[in-house]
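Only a predicted model underlies this, so the values are computations on that prediction, with no experimental measurement involved.
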Amino acid sequence: TDLVRARQAGALNQVLNVARMKRLIEQEAFHGNDAYSIGEMLEDLRDGVWSEVTSGRDTDAYRRNLQRAYLDRMGELLEDEEALQTDIAPFARGELGALRDQLASASPSDRATQLHFHDAIVRIDAILDPS
């Protein structure tokens with residue numbers, strides 16, 4: 001599973017690349033509502049990576065690894081100097097807050113999924129308030 005997690009993290013890092021996200025912001029500035037915005041991209045990504053939260057399905061080890069990699073990358077964005085100087089950091093913070101709310105209201109039946117969701121809330125709280 002280490003190889004799978006590394007590949008999952010690599011794919012997430014490609015999508016959540018600061019330069020790529022800055023281009024989304026620029027495209028939105030140039031094309032307005034016709035552009036695929038950073039907000040839409042991040043919401044679509046959250047919905048896909050965390051689909052079990054809204055579907056009620058259980059997570060498996062691979063999905064939990066992907067979701068932890070997502071949290072790690074979002075945390076990195078909130079510490080990235082370049083991201084902090086753009087709309088990236090506020091959008092990432094907003095996505096983590098929205099995800100936290102979704103996780104808090106989810107009620108999975110599977111014990112591993114319950115523990116994972118609780119752990120994700122703890123991780124999000126630590127990212128958003130690192131004190």
**Report entry** Electrostatic pair Arg23-Glu26, nearest N-O below 4.0 angstrom
**Finding:** no

**Report entry** Sub-4.5 Å side-chain heavy-atom contact between Leu16 and Glu76
**Finding:** no

Report task. Please answer whether the main-chain N or O of Glu28 pairs with a side-chain N or O of Ser37 as donor and acceptor at a distance below 3.5 Å. Result -> no

**Report entry** Nearest heavy-atom neighbours spanning Asn17 and Arg73
**Finding:** CA-NH2, 4.1 Å

**Report entry** Distance, nearest 0.5 Å, that separates OG1 of Thr86 from CG of Asp80
**Finding:** 8.0 Å

Query raised in the report: CG/Asp47 to CD/Glu40 distance, rounded to the nearest 0.5 angstrom?
Result: 12.0 Å

Query raised in the report: What closest approach, in Å, do Ala89 and Leu78 show between heavy atoms, and which atom pair accounts for it?
Result: O-CD2, 3.3 Å

Query - Interatomic spacing from CG in Leu71 to CZ in Arg100 - rounded to 0.5 Å - result: 12.0 Å

Report summary line: Heavy atoms of Tyr62 and Gln8 approach each other most closely as O-NE2, 3.1 Å

Report task. Measure the shortest side-chain to side-chain distance between Ile25 and Ile88 over non-hydrogen atoms and say whether it is less than 4.5 angstrom. Result -> yes

Query raised in the report: From Tyr70 OH over to Leu12 CG, what is the distance, rounded to the nearest 0.5 angstrom?
Result: 9.0 Å

Requested in this report: Say whether Leu84 and Met74 are linked into one hydrophobic cluster, either directly or through other cluster members, by side-chain heavy-atom distances under 4.5 angstrom.
Outcome: no

Query raised in the report: So which heavy atom on Phe117 is nearest to which on Pro108, and how close?
Result: CD2-CG, 3.7 Å

**Report entry** Test salt bridge (charged side-chain N to carboxylate O under 4.0 Å, His left out) applied to Arg123 and Asp119, step by step
**Finding:** CA-CA 6 Å; Arg123 288 173 185 242; Asp119 180 67; 2.6 Å; yes

Query - Validation row: Met41, Tyr36 side chains within 4.5 angstrom (heavy atoms) - result: yes

Requested in this report: Return yes if some donor-acceptor pair links the side-chain N/O of Gln67 with the main-chain N/O of Val49 below 3.5 Å, else return no.
Outcome: yes

Query raised in the report: What do the steps show when you test Thr113 against Glu52 for side chain to side chain contact (heavy atoms under 4.5 Å, CB included), and what is the final call?
Result: CA-CA 9 Å; Thr113 301; Glu52 294 87 352; 5.6 Å; no

Query raised in the report: Which atom pair, heavy atoms only, marks the closest approach of Ala120 to Trp50?
Result: CB-CH2, 3.8 Å

Query raised in the report: With a cut-off of 6.0 Å (strictly less than), are more than 12 heavy atoms of other residues, nucleotides or ligands near CZ of Arg20?
Result: yes

Requested in this report: Report the distance from atom CD1 of Ile124 to atom CG of Leu103, rounding to the nearest 0.5 Å.
Outcome: 5.0 Å

Query raised in the report: Any ion pair linking Arg111 and Asp58 (charged N to carboxylate O, less than 4.0 Å)?
Result: no

Query raised in the report: Would Arg64 and Asp60 pass as an ion pair if we require N to O under 4.0 Å?
Result: no

Query raised in the report: With a 3.5 Å cut-off and no angle check, do the side chains of Arg63 and Ser51 form a donor-acceptor pair?
Result: yes

Query - Straight-line distance of Arg5 CZ to Leu66 CG, nearest 0.5 Å - result: 9.0 Å

